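Since this is a predicted model, take the numbers as computed values, not measurements.
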Amino acid sequence: MTQPYVLLARLAGPLQAWGLVARFDRRDTHLRPTKSGFIGLLAAAAGYSRDEPVDPHDTARPLKPLDELRFAVRADRPGTAVRDHHTVGGGRYPLRPRDLITDHRRAQQASTALEAATGPMFGTLPARSVTGWYGAPKGIAPDPEGGPLLARKVGRDPMITSRSYLADAAFVAVVEHTDKDLLDELATALEQPRRLLWLGRKNCPPAGEISGGVHEGGIEEVLARTRLLPNATAERPWTWTEVPPGTAGASSVADHPVSFHTVHRSYAPRWERRVRIEPGESIGWDHLL
């Protein structure tokens, strides 16, 4: 039987957000890191692109090794669920120079008000025809007909969004594989990442070091030997471990990544079992203190 190895990781920070059903105006979070979120973090650390497929039917896919990782997470400090409401867009702001530079349609419309208010120069424009424009054009690109830059989105209707987070949480996330060299490379990448890392969402950076090293044994054995994190609040934390389909006491969760594509993301179901464990002391976190 081939010997398995496990990569340990510490996921801790002021905020985390592990979405399951996320849309622009409503962003949820799971109460623990998802497999797709953690595999995405590993892929970012290793420098992979979102456009590279994880499809198990594509034998040439660069992310194939990550697709084969078995996953588990332990909630040493579950944290507190919080919700943030914001209003995006809308409002009345003075026109700024870049609004005219990036959209000749606005420049033509504003030319009369410019001359009347300030003369042939940029400045504060009190005229009603321009002061109601929002000063942050979106989607700037060349006009296909003439070449000058245009702001494709000039509408400024406000949108109220709701975003959920986990505050002050800390988890131990692990992945298992028989290829120790692969896990060693991922452990190094976590401390020397090729892309920016975040805990599920871009405004959730990790705090401190992430990698806990690579250890011999399966997920259950290694987690049972791994000491609680320094700021743990649970003596016997809940652990969610990936198991084969149909395992007694297991439930299905649809967070196995099939594609990380920016537009066409997709996920497949997997099975996991939740148990409480009493961590040992043989694998520590001294390098995090």
**Student:** Using modelled atom types only, decide if a donor and an acceptor are shared between the side chain of R274 and the backbone of W240 within a distance under 3.5 Å.
**Tutor:** no
**Student:** List in chain and number order the residues that pass side-chain contact (heavy atoms from CB on, under 4.5 Å) with T233, two or more places apart in sequence or in another chain; answer none if no residue qualifies.
**Tutor:** R77, P78
**Student:** Return yes if some donor-acceptor pair links the side-chain N/O of E272 with the main-chain N/O of V253 below 3.5 Å, else return no.
**Tutor:** no
**Student:** Please confirm whether the backbone N or O of E209 pairs with a side-chain atom of R10, one donor and one acceptor, at under 3.5 Å?
**Tutor:** yes
**Student:** Would you say the side chains of D67 and H256 form a donor-acceptor pair under 3.5 Å?
**Tutor:** yes
**Student:** To the nearest 0.5 Å, how far apart are CZ in R32 and CG in D255?
**Tutor:** 8.0 Å
**Student:** Examine distances only and state if a side-chain atom of S164 and a backbone atom of R83 form a donor-acceptor pair shorter than 3.5 Å.
**Tutor:** no
**Student:** Are the side chain of T188 and the backbone N or O of D184 linked by a donor-acceptor pair below 3.5 Å?
**Tutor:** yes
**Student:** When you measure from the centre of the six-membered ring of Y165, is the NZ or CZ of R201 closer than 6.0 Å and no more than 45° off the axis?
**Tutor:** yes
**Student:** Taking side chain as C-beta onward, heavy atoms only, is T239 less than 4.5 Å from V73?
**Tutor:** no
**Student:** Testing E281, E235, E278 one by one against R227 for a salt bridge (Lys or Arg N to Asp or Glu O under 4.0 Å), which residue passes?
**Tutor:** E281
**Student:** If Ile, Leu, Val, Met, Phe, Trp and Tyr residues are connected whenever their side-chain heavy atoms lie under 4.5 Å apart, and connections chain through other members, are L228 and V6 in the same group?
**Tutor:** no
**Student:** Could you tell me which residues satisfy side-chain contact (heavy atoms from CB on, under 4.5 Å) with R194, sequence neighbours excluded, listed by chain and number?
**Tutor:** none
**Student:** Using a 4.5 Å cut-off on heavy atoms from C-beta on, say whether the side chain of E176 contacts that of L69.
**Tutor:** no
**Student:** Is there a donor-acceptor contact under 3.5 Å from the side chain of D28 to the main chain of G19?
**Tutor:** no
